[in-house]
Participant: 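Provided herewith is a single structure, encoded as structure tokens, for subsequent inquiry.
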Amino acid sequence: MFSVLKMKKYLGVFYLIALVVIYSTIAAQVPVDATAVVHPPAPVTGLTASDTDSDHGHSITVNWKPSTDDGGGANSVIGYRIMRSNSPEGPFDTVGIVPLGSKTFENSSSIEAGTTGFIPDDTNFYFRVDALTADPAVFSSSEGTGPVHSYGQWFNKGLYPVLWAVIIFTVLTVMFVSAAKKGKELYVRPLAGIEAVDDAIGRATEMGRPILYVFGLGTASDIATIASFTILSRVAKRVAEYQTSLIVPCYDPIVMAVAQDVVKTAYMDAGRPNDYKEDAVHFITNAQFAYVGAVNGIMLRELPATNIYMGKFFAESLMLAETGVVSGSIQIAGTDEIAQIPFFVVACDYTLIGEELFAASAYLGREPLLLGSLKAQDYAKAAVLVLALFGILAVNFAGDLGMAWLANFKELFKVID
Amino acid sequence: MNIFERFMKLDRRWIYLFLLAVCLLAYYSDFTVPTIVEKETSAIYNFIDSLPPGEVIFVAIDYDPSNQAELHPMTYAIMEHAFRKKLRVVFTALSQNGPGMADQAIHDLADSLRVDKTYNGVEYKGRELVNGVDYCFLGYKPYYALVITAMGQDFRTPFPSDYYGTPLDSLPLMKKVHNYDDIAILVDVSGGNITDAWISYGQGKFDFPLALGLTGVMTAQYYPFLQSGQVMGIMGGLLGAAQYEDMTDNPGLAKDGMRVQLPAHLVIILFILMGNIGHFAGRKNRKKVQS
Amino acid sequence: MKRQLPLLFVFLFGTFMVVQNFVPHENSERAKDFLNDWTIIIGIFALALGIWSLISVSIDKINKRKPNWEYAFVTLVGLVAMIFFGFTSNVSSSWWTYFASLIVLLIALWLLVQGILGFGAGATRSKEKFFAGIGLGLVFTLIAIFDKSWEFHFYTPEGLENTMFKNFFSNIMVPLQSTMFALLAFFISSASYRAFRARNLLASLLLIAALIVMLRFTPGPWGDLISKTSTWVMNVPNLAAQRAIVIGIGLGMVATALKVILGIERGYMGKG
Amino acid sequence: MELGQFLWTSLAAFLTLSVFSFLYKDNPMYKFAEHLFVGVSAGYFVIILWHNGLVTNLYGRLADGHFYFLWLDSAKWWYIFPAILGIMMFTRFSRKWSWVSRWPVAFYIGIATGLAVPLEMANRVNRQLYSMMEPINWQSFFGSGWLDMGAGYSDIIIFVGTVSALIYFYFSKAHTGVFGSAAKLGIWTLMIGFGASFGFTVMARISLLINRIQFLDKNWKRNSFDFTNENFSPGYLVLFWLIILVFLIYAISEFLKYLKNKNASSVKSA
């Protein structure tokens, strides 16, 4: 890093010297006399205008070759003005000004008609680019170009890598799931956090104390919460079988509604619909720390034997886990929020790290269908590893081995929004 | 129970009490914690320190009251430094709950600038800060990315008048200040993703010297921008602010905070060590019993 | 049909949103904005369910005299007061009718909810409570109509500027929020005391990395070395760990989402 | 500070102290603060979502300033659909129709999962994969000075660390042999990362505590004793000491209880 910084420093000096040189040449060429006339610069050439690719329309990209007086020649150009008109004759309106050295400009607007600078689709426009000088009155216009009209595309080419990844991954998932359906035996390595769930429920039954299940701050649109629903449904089923009680305080009302459904169905599946209590799953509040305060209170007053934290957690992770330690509960956590994993690892008895949370639903059910998708995930990981290894070798060595075309291998994976 | 076992099974409340006592003691006592000034911070200080009087700097106050503890000290340190150097400051608050806080900051600064002070051996006379001459508070507008882009044309596009409702054109300071070209440096003090917008929509498009003041947690994320030269300096958390205060020789909120931080960290480390001593000593004892 | 139809909805909308992501055309953008609005609106309606759950759990606690039932009143009063403040404009002249009507509203709602919950549980005198609640509600409405010193605003956000609303926000919510957050200073110390023991290799790695980073600003002869080490640890091994977790989580999320769209994972409907 | 403002600040100070008292144990003051917080925050979000969500996103679009009968002839009448879906959520109170309440949930989850698939793939997988393929700094492989994060070896450590940590996440292969060693290296990397980010956060958390101490000291205590204040009255001091007294009495009563228990237990053991 430090060597890089040093180089940057020298670059700065270099730029400074270059600037001084350029400035002195300009100063030498431009007469000091203030009344001196600035001659119109050479106009820009090769002007083209076309619809901007891979976008929602309402945008036109203008390209040109800079004036010969831009950074050379008479050196009088200070910038370019992009002008637009509805007819080839004009009148032209300014749509943008860019500094010298620019070669392209994107004239775009929002898709809502009536917003400022709105560009209607399928309407012909004509463009012109003026090379500007320090004197506002002195500039030279290019030949006009047009007609050109904007239109929306039906595919974003910058997302090719994502498209391929999604398609391949979907195919893998479907493949392995159908293989699993046919009864193919799939091995999965044991996960300590998952195996602890059963013991923990048993422990709660022995102690006659409830189980606390916390979703964290996720809404029903977070995938971590959706994965957590499946885990809850397994937990609730076993809780119903063991006839232990369950407390699920919720932060998000939709999560609450879904969780009520999940728990109710689980009790019915376990054949004990009468044991289900409506207020087992209840809403607390939508504010992070009020929610934490209330859950902490529940922990110290109800003294749950087991706390299960699955879903999306933020700063409250450690607050919940530490209070859980005080109440003497066994704690099992799983989250996809990277910054919070360390706190769970430190304070909880078992932690599902990141991806393991998403695998947990499959593990708990031991259903071949869900296990099949784990296999797909593993293959995808293998693909990532192989591609990364190949990529890093290509980036570092392909050039030396005379395979320059390979050096750009990584660009295949670049996502452009 | 011998002493080592006690080390291992201390009630957490003793830790809390001890930590609180140490924090309070440090808060009310009067000593200074030496800090090691890092390059990232000194770059910002040196740049601002070398500006001639009358230059305009831009401070973007982009944090909510929840990040006040870490970021307010930076704002105070930089602005006081600038005002003492007779620089002029334009500032915005692009975070929703920020404007009230920024307003309070400028009042506090005006108070402290009325007093004569000597920093780094240079005596600075107290003076009255004048709104519109020494500083201009542009205020808050939603959609920070658009605001940042629009300010590249002219500050007046998103902010026709300042926070207090005065049209910008009638402020003497703003006569010659139109867009980023007229400011010497932009310091973004931020606790969220507005920083990304300043880097890509501001610095990336309009190319001005950009320095960042960030919360401790965010700092590591922005080192790549320092390496690529898009950002000229970074102040990280309270530590960065304390370094800045050290360089300006004006101990303030950050040094106050560091005075608590250091003992608090040491307390936590002490307890960790105690737990480990207990653990190892206990293991030795257990082994003895077994043999 | 009761179960198949929702699955079909998930499949159709899920597939549509996946495809939409690759289509930049304005029609697709508009559709996405529209569907996003749907989720927001559904979420707001759902909040009513949540509030009802909060109220009924609190009232149940009071009626059954469960432990700490007294505090449930505090929750209910806080809730109703905050909503009342948020819908009313600033009080121009006398405050007493404002607070009197708040009290009337509280009692009216109390009776009303008691009545409604009583119907379900078949409690005695629930009808009387219900109608008494309605009656008091009428009294409240009359005060609201005839007292000109304050008024209701439902369609414009005047309530957000209400003095009481702002005071409740900045003197109850804000300090409680920051103090709850500040408890973490203590929790982080007790957690590190308890967990950072060099029991085995993994725990030792955790401990050493944490110690180095915690010591990063200690002054002294070792200061510079430790600060450099901590920067390195944060930017090299930590970066590697985070990157791996991010990729893993990404694949896990996509897999879960795909399973939901394809109807393989139905845990959210109670069918695991 | 004016009296009204001082009262509010004192309330804030009381609530602050109540929450801190939770560190000792659950107690009446904390219970009060907690329940108040739950009620007020729930009410706050009702108001915020009403004014900034329901009115702007639904009512504003349907009504656009005019009156429409059932909004069917409104310019954006199709916003009736989400409203109907929202109302469907309430069918869960009926035993017969509660299955209808699954529809809006299905819409919601369908949209959420559909959004997630390409976005998470792009941001978490594709982008990270792209940034893994970085050129290694061969020019200064050993860097300069102690542990240089720009040096070539750091680049290699990052790559190897990422790969091995990914291997740790394999589910369908037992962690044995070479594969197991790689997974072990992976979990080491993960643990170092966790320890580092834990240690790094300590400072921010202590800052939060400092902020509360500053609040109690500067905003509350200082104003309680601010004799130069023109609005000052002895009531300020009374209130200050009253709040302190509440916590003091609680502390003393707890201490007495503790002594009593201690005596009782010592008697028992004797």
Participant: For chain A, find its close neighbours in residues 171-186 of chain C: heavy-atom separation under 4.5 Å, sorted by number, or none.
Facilitator: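 Checking residues 171-186 of chain C against chain A gives C/Gln177, C/Met180, C/Phe181, C/Leu183, C/Leu184.
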
Participant: With a 4.0 Å cut-off, would you call A/Lys381 and A/Asp378 a salt bridge?
Facilitator: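 Looking at A/Asp378 together with A/Lys381, the answer is yes, because their closest N to O distance falls below 4.0 Å.
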
Participant: Between A/Asp252 and chain C, with a heavy-atom cut-off of 4.5 Å, which part of the residue counts as in contact: side chain, backbone, both or neither?
Facilitator: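 Neither part; nothing is under 4.5 Å.
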
Participant: Sort A/Thr170 into side chain, backbone, both or neither according to what part of it lies under 4.5 angstrom from a heavy atom of chain C.
Facilitator: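 Both parts, heavy atoms under 4.5 Å.
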
Participant: Is the closest side-chain donor-acceptor distance between A/Glu322 and C/Ser190 under 3.5 Å?
Facilitator: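 Yes.
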
Participant: To the closest 0.5 Å, what do you measure between CG (C/Leu215) and CG (C/Leu225)?
Facilitator: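 Atom-to-atom, C/Leu215:CG and C/Leu225:CG are 12.0 Å apart.
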
Participant: Taking the six-membered ring where the residue is Trp, are the ring centres of A/Tyr379 and A/Phe169 under 6.0 Å apart?
Facilitator: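 When the ring centroids of A/Tyr379 and A/Phe169 are compared, they turn out to be at least 6.0 Å apart.
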
Participant: When you check the gap from the basic side-chain N to the acidic O, do A/Lys264 and A/Asp269 get nearer than 4.0 Å?
Facilitator: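 Salt bridge: no.
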
Participant: Mind ranking C/Arg30, C/Gln242, C/Glu29 by heavy-atom pairs under 4.5 Å with chain A and telling me who comes out on top?
Facilitator: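 Most pairs with chain A among the choices: C/Arg30.
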
Participant: Looking at C/Arg197 and C/Ser204, would you say the former's side chain and the latter's main chain have a donor-acceptor pair under 3.5 Å?
Facilitator: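 No, because the side chain of C/Arg197 does not come within donor-acceptor range (under 3.5 Å) of the backbone of C/Ser204.
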
Participant: Identify which part of A/Leu163 has an atom lying under 4.5 Å from any heavy atom of chain C, answering side chain, backbone, both or neither.
Facilitator: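 Both parts, backbone and side chain.
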
Participant: Do any pairs count as a salt bridge (charged side-chain N to carboxylate O under 4.0 Å, His left out) and have a residue in residues 151-169 of chain A, sequence neighbours left out, and if so which ones?
Facilitator: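 Listed once each, the pairs are A/Asp53-A/Lys157.
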
Participant: Does NZ or CZ of C/Arg199 come closer than 6.0 Å to the centre of the six-membered ring of C/Phe196, within 45° of the ring's axis?
Facilitator: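 No, a cation-pi geometry is absent between C/Arg199 and C/Phe196.
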
Participant: Measuring heavy-atom distances to chain C, does A/Ile231 have an atom under 4.5 Å in its side chain, in its backbone, in both, or in neither?
Facilitator: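 Neither part, no heavy atoms under 4.5 Å.
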
Participant: Please find out if less than 6.0 Å separates the ring center of C/Phe85 from that of C/Phe168.
Facilitator: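 Yes, close enough.
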
Participant: Looking only at heavy atoms and a cut-off of under 4.5 Å, which of C/Pro67, C/Gly250, C/Ala191, C/Gly43 has the most pairs with chain A?
Facilitator: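 Most pairs with chain A among the choices: C/Ala191.
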
Participant: Only pairs of heavy atoms separated by less than 4.5 Å count here; which of C/Val260, C/Leu79, C/Leu258 has the most with chain A?
Facilitator: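 Greatest number of close heavy-atom pairs with chain A: C/Leu258.
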
Participant: Quick one: does any side-chain atom of A/Ser373 pair with a main-chain N or O of A/Thr173 as donor and acceptor, under 3.5 Å?
Facilitator: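 No; judged by distance alone, with no hydrogens or angles, the pair does not exist.
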
Participant: Quick one about A/Thr230 and C/Glu265 (side-chain donor to acceptor, distance below 3.5 Å, no hydrogens or angles considered), yes or no?
Facilitator: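 Yes, A/Thr230 and C/Glu265 have a side-chain donor paired with an acceptor closer than 3.5 Å.
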
Participant: Is chain C contacted by the side chain of A/Ala359, its backbone, both, or neither, given a heavy-atom distance below 4.5 Å?
Facilitator: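 Contact with chain C is absent: no heavy atom of A/Ala359 under 4.5 Å.
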
Participant: Where does A/Val384 contact chain C at under 4.5 Å (heavy atoms): side chain, backbone, both or neither?
Facilitator: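 Contact with chain C is through the side chain of A/Val384 alone.
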
Participant: Which atoms of A/Val325 come close to chain C, meaning under 4.5 Å heavy atom to heavy atom: side chain ones, backbone ones, both, or neither?
Facilitator: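 Contact with chain C: side chain only.
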
Participant: Between C/Ser192, C/Ala195, C/Ser53, which residue shows the highest count of heavy-atom pairs closer than 4.5 Å to chain A?
Facilitator: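 Option with the top pair count is C/Ser53.
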
Participant: Using heavy-atom distances under 4.5 Å, tell me whether A/Ala376 contacts chain C through its side chain, its backbone, both, or neither.
Facilitator: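 It is neither, since no heavy atom gets under 4.5 Å.
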
Participant: Go through the atoms of A/Asp55 and report whether side chain, backbone, both or neither lie under 4.5 Å from a heavy atom of chain C.
Facilitator: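 The backbone, not the side chain.
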
Participant: With a 4.5 angstrom heavy-atom cut-off, could you sort out which part of A/Asp121 is near chain C: side chain, backbone, both or neither?
Facilitator: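 Side chain only.
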
